[in-house]
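Side-chain atoms are counted along with the backbone in the values below, which use heavy atoms only and exclude waters and symmetry mates. Residue numbers start from 1 in every chain, and the chains themselves are labelled A, B, ... in the order their sequence lines are given, proteins ahead of strands.
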Amino acid sequence: MNITYIFVLIWLAYLISSGVLLFSRGFLLSRVSKTEVSSCRRLSNNPNDEYFLTTEVVHEIFKDVNASSNLCLPQKSKVIVIVVDALKYEFGIYKENHSEPLPFENKLGVLHELHQRTPDNARLMRFKADPPTTTLQRLKGLTTGSLPTFIDIGSNFASPEINEDNVIDQIVKSDLPVVFLGDSTWTDLYPRRFKRAYSYPSFDIFDLDSVDNQIMKHLPKELASDDWQVLIAHFLGVDHCGHKHGPMHAEMSRKLSEMNEIISFVVSQMDNETTLLVMGDHGMTATGDHGGDTDDETNALLFAYSKQHSFFGSDVGSDSKMLQQIDLVPTLSTILGVPIPYSNLGLINFNIVPNVPVPHLSKFQTLLLHSWQNAQQIYHYFYNYAMENKRTFNVEEMDKMETEFILLTHRVKSIYNEAAFKSFVGDLNAHLRNILNICREIWVKFDATQMSQGLLFTFLPIFFAFLLINNSRPSEFVEIFTPKEISYTYLLNFAAGVFGYRYYKNFSFKTEEHGIIFFTSLLSAVILVFFTLKHWSNIANNWANVRRFGHMPTRLLLFTTMGVFFSNSFIIQESKTLSYLLAAVILLLVYEVLKQSVRMDFRSRFKISHFIRSTAFRLILASVLAICFIRFAYTLFRCREEQGNCADFSSSSSAGFSIKKPASGKTYIMAVVIIVLYTTMTRLYLRSCGNLTGNSPNVLLARYGPTVASICAGGHILLANSAIKNIQRTHIDAMALVIYGLLLLQIIVVSVAPLMTFVLPPKNPNSIAVNGRDSIVPEIFKKMKRMYEGDDAERRYAIPVVYGLATVYSSIIITFGIFLAMTLIVLLEPRATVGLIVCMSVGAILLIVHGILRYRTATNFETCVQPTFTAVVGWFLLAHFCFFATSHQTTLSQIDWRAAFVGRTTGIGQSNFISGILVILNTFCGPIFFFCMFTLLSTETFSLFALFPNLIRSNSNRDSTPSTARNKVDATTALADISTAAVGFDMTRGELTLYEYEDVFLGATFKLASQLFMLQGLRIFCAMLACTIHCRHLMVWKIFAPRFIYEGLATFVSLPAIIVGYGLLLRINLAVDSLIKSINKVKTN
Amino acid sequence: MATRFDQQKTKHQLFHVSLSLATTLICMAYMQYRRNWAHLGSFGDSLIVPIVFTGELLKVVLARFYGRIEDGVLTTKQRQKKAAYFTPRELLGGLTLQFLCTLLYAFICIILGAPVLANYEQTFVLSLLLTLLTVSPTVFLLGGGGALQVCFCEKPEFVTKCEDTALDLFKYNALGGILGAWAGSAVAPLDWGRDWQLYPIPNVIGALLGSALGNIYACTHVLYATARVYISKKSA
């Protein structure tokens, strides 16, 4: 059964991806989140409480400050936190005498005004975020006070709820009611914590106002009520405006002015016992996006204001210009008098703590108590962490830190005046910052076991599968992978998985997954070795026949492609490197064809006119066109920050014009025109193949579907980006939905009745109507005759005429490709759409050139159906080149999130799962499309020669013997003989030949699929190896790790895409089988 | 191979190789002398193109020199060809061919990623150099029509034995030059910040080194053959 191949592919895909997964666990996971919670004795001003603050108590405390751990001083004030998403530091600076302010400048006047009027009661500071600067990560950082990890894989996957100790939990535990308004991310992180929560989804990033308007509706009422101690409002408009329009747009000035009004309103409404904190969670780049670690993105704004109590000055050792975001947690805890969360690493910044006197305590005593509580908490956390995770910290360094801290504990006892306090607090802060820095370094610590095992388990299957599959002949796979053996393999793997799940602890693995992956991979490697050894004689035989230094240039190119991962400069310029190599592959292919043909075409004398008419010249033109396309794609590349003069990242403070992608009307029109061209071309192709005749479901769909889809795609591009305001979003969405629907319909039709052929009913036997345009139909006619009838002239009336039989495989694959492409197009932005179609045309040229080359070099069917190594590498490179041609870059801040909202803004299926799939489809459109279509490499040779039978003649003179030269004189009927003489079978029959040699064909495509598996596996292996080698490189988090993440995701996406492509082929084969059988049955009746 | 070893041919090959190595060395010495490599891409300010031109011309002269010896044993076709060498038609054809080739190389440079119009002078110099390394020697030796025929057809009858030797060497020269220029781009993305990473300096140097390497490769062939003949003679 051929379905076995699919299972083998799934097995291999599992092995490769599990290795990658294991590696990423070791490489990307960094911090173990602790679930301990801090608590404290609450000193109170109320005489009825347990710890009433009296002079005696104070005396007791200061007798031994060290022993007085876990103390909380009384609450200083209520707090209003206004989070304005993406409020950049520059937005809040007021430039006086600025005649022409930019859209984001001088809009938050109230901050400036308050700061001018009461400099002691207002603070305007830089609010430094740690990357990654995405809202979810930032909120975690802002509430737990710990460092974010590169990708925050918490201990629970299922829900985003934070299980680490955090300031919200501490506030709630201290019976201080919290009211929340705004972004629903908060309520996802902290369900059931708030007294009242008005949360609204942050789903639609095109919607600038609705969340803010809802907040404004409830805010006055909440400000007036006095049953809360903490009020949090999270406004999304500015961030959404940045994503949609960028900071330089007039909408931004409107949103910022709105924020200004809101802040002044809150200031006017708040009472004297309240501290107002206005903050941004992160900044934005000049294009309005965020996620990375540039200064633009990490510098947010913090504004603090208190009506009555002035803040502590900056003379107590706190930085007055800049606040680290992790410092917010201890500071907030100090203001509210709650314990500092357990895993906090930040320091209290007294610049924004209102100076509310505590009875019986002098100012410096208050500050000392606060600082010391903070220090003890950090020390406690740090040493507990170090104890539990031994070997993560350097022993000598730990000793040094401990000595320092002990010195400080001695010093703290003897502080009796302000001067001593100041000097002490300076040293203390330096020490604590030191701890923070150590943690920062350590928490990018890698798990060496998982990394090395991940590398090993990716390498082993690739290596043995290469040995086994690459060195076996297509017809041998039926014997190698029998259904019985594969089912045993699955059973054994399952058993190994269960074993790993059950006993992972006995082997000191940390997680169940690790155990499962370890045992299944180990076992599978053994099974692969077993397969290899069992068929070793065959393998060795075939190996001996391989030329020793064959395909050297291609190997060199492949080697270079893989080498790119090891150098940061090449990764930065990867788009250009790839296109350079892709161009080289195309040139190489053409060179190989020319080497075969040109000398044959001009035996004695070179004639220009002859040359221009020859196939060789056309091939050269086609490949030059392909390279021109690749060169054109340069204009579509997105640049990254590390490349100099990148407009996407030019800093906004210089007068750079960096409006959100200016994408003028020209781009949109060009995109639409190209989409229409693409649809027309594919339609013409299918029609000339005779695949649009008749009325089978797939033919109907292919006849009308692409037209509808292209209209919708064009409309979507034009409307979604137009400046016209009053288009209902539902109408735009409907177009995208139509395209999604068509793809689904196509999938259903393909799985039910895929064939695009039309069997002409033999009603009027004497006059078989053949459309003159379909030039191949007579060929098919003859072919069918020869195949099933012999030359039985009297029964000729019974010959069935079938349209589109010569391209029976490829037509369906291409139709499927059209619908897939349309879906991708609607997800991509207009510029990228052009890139995708450019890549497709390069692919088409690659197929044509390769088809001719293959025919010339093939000696029999088996070689003819297996694409040359150069073409496989070319296809593979093209798939990855398409990633860059569609305006993507391998940086984390340049993910095109917009795709998640195409067709979904009105609230259909608001699940993150679908959003994720849409973004993945957008980002990896190249690999997905080209790996789904990979079988064309095998089939297109055949359909090409069926479509242009004359090529057979022009390419036939390979062995330049006089006999073939004489064939040129013969009539059309001799074409079949020429090809039979050349490759051993009748090429004019097109893809029907594939069915005749079914076993070889399916085996060859299986081999092709696994070759692509191996190429992709090799690529991700190189990416992983590069990360391992460079794991202490300066650029590891900026360049190598994102590159690895992208490549890993590409692997996870492309392996299934290849399997889908192969499954499609199997389904078609099944249908062709039943078609031929039914024709035969009709005939014999 | 060893049986039909030809003394004349070996001499020719060795001289040829030393000539091309000398050209490359002179180019390198010149570059070392000028220090600043930024001018390599400019047409008026760089001596690379004239040096290479002289080198290639000398190689053709060398081939002619060794060809003289065969003069007595030429076939009629070869004689005809020789007689037609200095006709205006051939000269014009040769020049046109070289000019077209330069344009073609410039076009290829651009579609392989060179700036479209910004660095046209540099592109021109690079394509001129490539033409000199690849097409020119053949054209100088056989004329325009002959070169086309050698490139695209089976081995024409008018090629003499000596010319054949030279053509074989020219082939390696050309192949090395093209591959070297292609591979030269490898240093362009590196972040070393050197001034010689600018287009087209690595490609120019790559082309020179590549053709030198191609020649050395051809030379190893000869040396190997020589050694084998020597050893077999000794043992016999």
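- To the nearest 0.5 angstrom, Phe107(B) atom CZ is 8.5 Å from Ile627(A) atom CD1.
- Atom CD1 of residue Ile111(B) and atom OH of residue Tyr634(A) lie 10.5 Å apart, to the nearest 0.5 angstrom.
- Evaluation of the side chain to side chain contact (heavy atoms under 4.5 Å, CB included) rule for Leu21(B) yields Val17(B), Ala212(B), Ile216(B) as partners, not counting sequence neighbours.
- Arg631(A) and Val116(B) get closest at one heavy-atom pair: NH2-CG2, 3.7 Å.
- When all heavy atoms of Phe570(A) and Pro189(B) are compared, the pair lying nearest together is CE2-CG, 3.4 Å.
- More than 12 heavy atoms of other residues, nucleotides or ligands sit less than 6.0 Å from atom CZ of Phe566(A).
- Heavy atoms only, all atoms of each residue included: Ala181(B) and Tyr580(A) are closest at O-OH, 4.3 Å.
- Considering CG of Leu112(B) and CD1 of Ile630(A), their distance stands at 9.0 Å, rounded to 0.5 Å.
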